[in-house]
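First up is the structure itself, then whatever we jot down about it.
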Amino acid sequence: QVQLVESGGGLVQAGGSLRLSCAASGRTFSNYAMGWFRQAPGKEREFVARINRSGATTYYADSVKGRFTISRDNAKNTAYLQMNSLKLEDTAIYYCAADSSYTISKVPGWWDYWGQGTQVTVSS
């Protein structure tokens, strides 16, 4: 089992920045690819970003490319999502997820473990 706890969400004005953290415990953190998803009210959960085990390779949704950066610190068992130039449409609950496979999947059901989520609200 892997336990994931997100933090760092909050209220921010459009154009601002936030940094989300995902602290992992349980099994060896570096054995998992890490990802971030988000879910806005009335919408399905959607892929945001993924980082491989070493941190060398990252993938992003087109909607956040160039604005968001995913990273990880395997020594601290923590993944991060730096969000810059935030837009109103970025408002959502953001979830951290862990994947034990080597398949690059953007489908939520593929991922093994999930955090409880952290709310990000972008205001005008």
Side-chain angles (χ1 to χ4, degrees):
Q1 282 281 18
V2 176
Q3 291 77 44
L4 303 173
V5 178
E6 302 95 336
S7 62
L11 176 65
V12 63
Q13 285 191 325
S17 298
L18 278 177
R19 188 195 197 201
L20 305 183
S21 298
C22 173
S25 61
R27 296 186 176 176
T28 305
F29 181 67
S30 58
N31 286 346
Y32 295 86
M34 298 299 296
W36 288 93
F37 289 75
R38 66 187 182 186
Q39 188 166 16
K43 295 188 176 182
E44 294 186 350
R45 192 169 298 189
E46 65 172 1
F47 170 81
V48 174
R50 182 186 189 276
I51 189 167
N52 72 342
R53 286 158 177 74
S54 69
T57 305
T58 56
Y59 302 89
Y60 297 93
D62 289 342
S63 59
V64 306
K65 204 171 293 182
R67 300 187 298 122
F68 291 10
T69 303
I70 188 172
S71 61
R72 65 189 296 161
D73 186 336
N74 286 344
K76 294 183 178 180
N77 293 344
T78 303
Y80 305 96
L81 185 68
Q82 177 67 43
M83 305 186 295
N84 298 330
S85 302
L86 283 161
K87 304 176 180 180
L88 296 179
E89 53 264 41
D90 294 320
T91 294
I93 299 174
Y94 283 71
Y95 297 91
C96 172
D99 179 10
S100 62
S101 78
Y102 288 86
T103 300
I104 300 170
S105 175
K106 300 178 180 180
V107 177
W110 186 264
W111 294 68
D112 299 308
Y113 302 103
W114 291 86
Q116 82 289 349
T118 185
Q119 177 71 48
V120 171
T121 302
V122 183
S123 65
S124 58

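Remember, it's a predicted structure, so these values are computed and weren't measured experimentally. All values below come from the heavy atoms of this structure, side chains included, with hydrogens, waters and symmetry mates left out. Residue indices begin at 1 and follow the sequence shown.
- The closest donor-acceptor contact from the side chain of T91 to the backbone of T121 lies at 3.5 Å or more, if one exists at all.
- Considering every non-hydrogen atom in both Y32 and T28, the closest pair reads CD1-O, 3.3 Å.
- By the 4.0 Å N-to-carboxylate-O rule, K65 lies close enough to D62 to be salt-bridged with it.
- In terms of heavy atoms, S30 sits closest to N74 at CB-ND2, 3.7 Å.
- Annotation: side chain of P108 is in contact with side chain of W114 (closest heavy-atom distance under 4.5 Å).
- To the nearest 0.5 Å, the span separating CZ on R38 from CD on Q119 amounts to 12.0 Å.
- Note on Y95 and W110: same hydrophobic cluster, where clusters join Ile, Leu, Val, Met, Phe, Trp and Tyr whose side-chain heavy atoms are under 4.5 Å apart, directly or indirectly.
- Side-chain atoms of E46 do not come within 3.5 Å of backbone N or O of Q39 as any donor-acceptor pair.
- Linking Ile, Leu, Val, Met, Phe, Trp and Tyr whenever their side-chain heavy atoms come within less than 4.5 Å puts M34 and Y60 in one cluster.
- Here the side chain of S105 pairs a donor or acceptor atom with the backbone of V107 at under 3.5 angstrom.
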**OP:** Could you walk me through whether Q3 and S25 pass side-chain contact (heavy atoms from CB on, under 4.5 Å), step by step?
**Re:** CA-CA 5 Å; Q3 291 77 44; S25 61; 3.4 Å; yes

**OP:** Assess whether side-chain contact (heavy atoms from CB on, under 4.5 Å) is satisfied between L86 and L18, documenting all intermediate values.
**Re:** CA-CA 8 Å; L86 283 161; L18 278 177; 4.3 Å; yes

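- Grouping the Ile, Leu, Val, Met, Phe, Trp and Tyr side chains by contacts below 4.5 angstrom, directly or via other members, places I104 apart from I51.
- Cation-pi contact between R72 and F29: present, with separation from the ring centre below 6.0 Å and deviation from the ring axis of at most 45°.
- Distance check: R50 CZ to I70 CD1 gives 9.0 Å after rounding to the nearest 0.5 Å.
- Residues V120 and M83 meet the side-chain proximity criterion, which asks for heavy atoms closer than 4.5 Å.
- Two rings, from F47 and F37, have their centers less than 6.0 Å apart.
- Here N31 contributes atom CG and D99 contributes atom CG; the two are 12.0 Å apart, rounded to the nearest 0.5 Å.
- Interatomic distance, S7 OG to L20 CG, rounded to the nearest 0.5 Å: 8.0 Å.
- Within the model, atoms CG of D112 and OG of S101 stand 7.0 Å from one another, a figure rounded to the nearest 0.5 Å.
- Below 30°, between 30° and 60°, or above 60°: for Y94 and F68 the angle between ring planes is between 30° and 60°, a tilted geometry.
- Annotation: cation-pi pair R19/Y80 present, NZ/CZ under 6.0 Å from the ring centroid and within 45° of its normal.
- A donor-acceptor pair under 3.5 Å links the side-chain atoms of T78 to the main chain of K76, judged by distance alone.
- Under the 4.5 Å side-chain heavy-atom criterion for ILVMFWY residues, a single connected hydrophobic cluster contains both L4 and L81.
- Side chains of N84 and S17: a donor-acceptor N/O pair is present below 3.5 angstrom, by distance only.
- The local environment of CD in E89 is crowded, with over 12 non-hydrogen atoms from other residues, nucleotides or ligands closer than 6.0 Å.
- Although no hydrogens or angles enter the test, the distance criterion places no donor-acceptor pair under 3.5 Å between the side chain of D73 and the main chain of N77.
- In this structure, R27 fails the cation-pi test against Y113, since its NZ or CZ atom is not both closer than 6.0 Å to the six-membered ring centre and inside 45 degrees of the ring normal.
- For the pair D90 and S85, the tightest heavy-atom approach, listed with the atom from each and the gap, is OD2-O, 4.4 Å.
- Side chain of E6 to backbone of C96: a donor-acceptor contact under 3.5 angstrom is found.
- Side-chain contact between V5 and C22: absent, with no pair of heavy atoms (C-beta onward) separated by less than 4.5 Å.
- Taking CH2 from W111 and OG1 from T103, the interatomic distance works out to 10.5 Å, rounded to the nearest 0.5 Å.
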